[in-house]
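Below: the structure, in structure tokens.
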Amino acid sequence: MIDQVAPNFQDCIQSLGLAQIQRHVFICADQTVPKCCDKADSLAAWDYLKRRLKELKLDQPTSDRPTCVFRTKANCLRVCQQGPILVVYPDGVWYHSATPEVIERIIQAHLLNNQIVKEYAFLVHPLPTHGTTATD
Ligand code: FES
């Protein structure tokens, strides 16, 4: 499937580590209509998440760890209360009040040690798998 895209597209896929993603973190930030927290607080949370994933080298596969954590600023995750709202896939763990302090706990406990931060998790719902196959 990867062979079917242009070389520069393949470079992008490789440099982002898309094929090595272990977890994908979405956070509502820089909202068009900030409802769950102040926009400035959401941007502080987003900046912290990005910085810490980079500092911990979780944002790229390494020779020691062949997987990575991808992060996406999601504008609004539609919960719209007690934000910033953050969700970790494929685990399907939804967190509220994702301030930098809480994000650090999520990184240390959940992302690095597979432990849900129960104090801030309000739902655990992994997405079902359907055994999807590729078509030509
Ligand atoms: S504004 Fe944060 S979830 Fe909607």
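As the structure lists them, so they are numbered: ligands from 1, and atoms in each ligand from 1. Position 1 is the first residue of the sequence; numbering continues from there.
Residue Gln31 approaches ligand 1 through these ligand atoms, each under 4.0 Å from one of its heavy atoms: 1 (S), 2 (Fe). Of all atoms in ligand 1, listed by their number and element, those nearer than 4.0 Å to a heavy atom of Val79 are 3 (S). Those atoms of ligand 1 with a heavy atom of Arg78 less than 4.0 angstrom away are 3 (S), 4 (Fe). Numbered from 1 in the order shown, with element, the atoms of ligand 1 that lie under 4.0 Å from a heavy atom of Cys76 read 1 (S), 3 (S), 4 (Fe). Taking every non-hydrogen atom of Cys36 and a distance limit under 4.0 Å, the qualifying atoms of ligand 1 come out as 1 (S), 2 (Fe). Atoms of ligand 1 lying under 4.0 Å from any heavy atom of Lys35, numbered from 1 in the order shown and given with element: 1 (S).
A donor and an acceptor atom, one from each side chain of Tyr48 and Glu101, are nowhere located under 3.5 Å apart. Side chains of Asp30 and Ser42: a donor-acceptor N/O pair is absent below 3.5 angstrom, by distance only.
For atom 4 (Fe) of ligand 1, the set of nearby N, O or S atoms under 2.8 Å includes none belonging to Cys28. In summary, no N, O or S atom of Cys80 is located under 2.8 Å from atom 2 (Fe) of ligand 1. For a distance bound of 2.8 Å, the N, O or S atoms of Cys37 include none lying that close to atom 2 (Fe) of ligand 1.
Contact of the Arg71 side chain with the Phe26 side chain is not registered, since no non-hydrogen atoms from C-beta on lie closer than 4.5 Å. The side-chain heavy atoms of Leu58 and Leu112, taken from C-beta on, include a pair separated by under 4.5 Å. Using a 4.5 Å heavy-atom threshold, the side chains of Phe70 and Val25 count as separate.
For Ala45 against Ile103, the heavy-atom pair with the smallest separation is O-CD1, 3.4 Å.
The aromatic rings of Trp94 and Phe122 are tilted relative to each other, their planes meeting at an angle between 30° and 60°.
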